[in-house]
J.: 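Would you mind keeping the following structure in view while I ask a few things?
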Amino acid sequence: PKIQKKREAKEIEARWIRLVSNDTENIPMGLIAAWGSLFCAYSQPWHVGLLLAFTVARVGHTFAYANAKQPHRVFAYMVGVLATLGMCANGVAGALLA
């Protein structure tokens, strides 16, 4: 029982290390897209909506990752990526068309 608990604790620790690593890789890209397109956004309501979607998706991804929930984790990840790409597209459209 003691060895089993130790193994489970190490698995939980490894999961959280991977989770933090994933957040460290993905959140800065979303923030760069959000800040970079903030002043040149083609549509400010879209910018706010995409930023909200990104934030909710990353919180959902973190929760799903911590609790080993699939396919919730993949869905949240994809929403975050699409929101980041949407913010980039909105910024580029604003820079080129405005």
Side-chain angles (χ1 to χ4, degrees):
K2 193 172 186 179
I3 294 173
Q4 179 68 19
K5 285 186 178 187
K6 196 172 191 178
R7 185 179 318 135
E8 288 174 4
K10 285 187 182 248
E11 289 174 10
I12 291 170
E13 179 186 24
R15 173 173 291 282
W16 277 95
I17 289 171
R18 291 190 309 270
L19 189 153
V20 170
S21 176
N22 185 281
D23 282 348
T24 304
E25 293 169 2
N26 290 287
I27 291 175
M29 282 301 216
L31 291 176
I32 289 169
W35 293 337
S37 63
L38 180 62
F39 295 112
C40 61
Y42 184 74
S43 169
Q44 290 181 354
W46 270 94
H47 183 78
V48 171
L50 290 166
L51 184 56
L52 181 62
F54 174 78
T55 303
V56 170
R58 289 309 305 176
V59 170
H61 178 268
T62 299
F63 179 80
Y65 204 136
N67 294 294
K69 301 288 184 188
Q70 287 286 7
H72 306 89
R73 184 177 124 199
V74 173
F75 177 72
Y77 177 78
M78 288 309 300
V79 169
V81 168
L82 292 174
T84 301
L85 293 174
M87 286 185 283
C88 290
N90 192 28
V92 168
L96 296 177
L97 302 175

J.: So which atom in Pro28 and which in Asp23 form the shortest heavy-atom distance, rounded to 0.1 Å?
T.: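 Closest pair (atom of Pro28, atom of Asp23, distance): CD-O, 3.6 Å.
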J.: Would Val79 and Leu52 show up in the same hydrophobic cluster when neighbours are defined by side-chain heavy atoms closer than 4.5 Å?
T.: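 Unlinked, Val79 and Leu52 end up in two clusters.
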J.: I need the minimum non-hydrogen distance between Ala83 and Ala53, along with the two atoms involved.
T.: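 Shortest heavy-atom separation between Ala83 and Ala53 comes out as CB-CB, 4.2 Å.
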J.: Ser21 side chain to Ile17 main-chain N or O, any donor-acceptor pair under 3.5 Å?
T.: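 Looks like no, no N/O pair under 3.5 Å.
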J.: Could you tell me if the side chain of Glu11 sits less than 4.5 Å from the side chain of Arg7, heavy atoms only?
T.: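 Arg7 reaches Glu11 side chain to side chain.
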J.: Could you tell me which non-hydrogen atom of Gly86 sits nearest to which non-hydrogen atom of Leu50, and how far apart they are?
T.: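 Closest approach of Gly86 to Leu50: C-CD1, 3.4 Å.
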J.: Kindly give the heavy-atom pair with the smallest separation between Ala76 and His61, and that separation in Å.
T.: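 Closest approach of Ala76 to His61: CB-N, 3.5 Å.
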J.: Find out whether Asn67 and His72 are in side-chain contact, i.e. whether some heavy atom of one side chain is under 4.5 Å from a heavy atom of the other.
T.: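 They are not in side-chain contact.
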J.: Looking only at heavy atoms, what is the nearest atom pair of Gly30 and Phe54, with distance?
T.: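 Looking at all heavy atoms of both residues, the shortest contact is CA-CZ, 3.6 Å.
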J.: Within a reach of under 6.0 Å around CD of Glu8, are more than 12 heavy atoms found that belong to other residues, nucleotides or ligands?
T.: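 Result for CD/Glu8: enclosed.
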J.: Are there over 12 heavy-atom neighbours, none belonging to Ile3, within less than 6.0 Å of that residue's CD1?
T.: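 Result for CD1/Ile3: open.
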J.: For Tyr77, look at atom OH and say whether over 12 heavy atoms of other residues, nucleotides or ligands are found less than 6.0 Å away.
T.: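 Counting other residues, nucleotides and ligands, OH of Tyr77 stays at 12 neighbours or fewer.
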J.: Within a strict 4.5 Å, meaning less than it, do heavy atoms of the Arg58 and Asn22 side chains meet?
T.: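 Arg58 vs Asn22: side chains touch.
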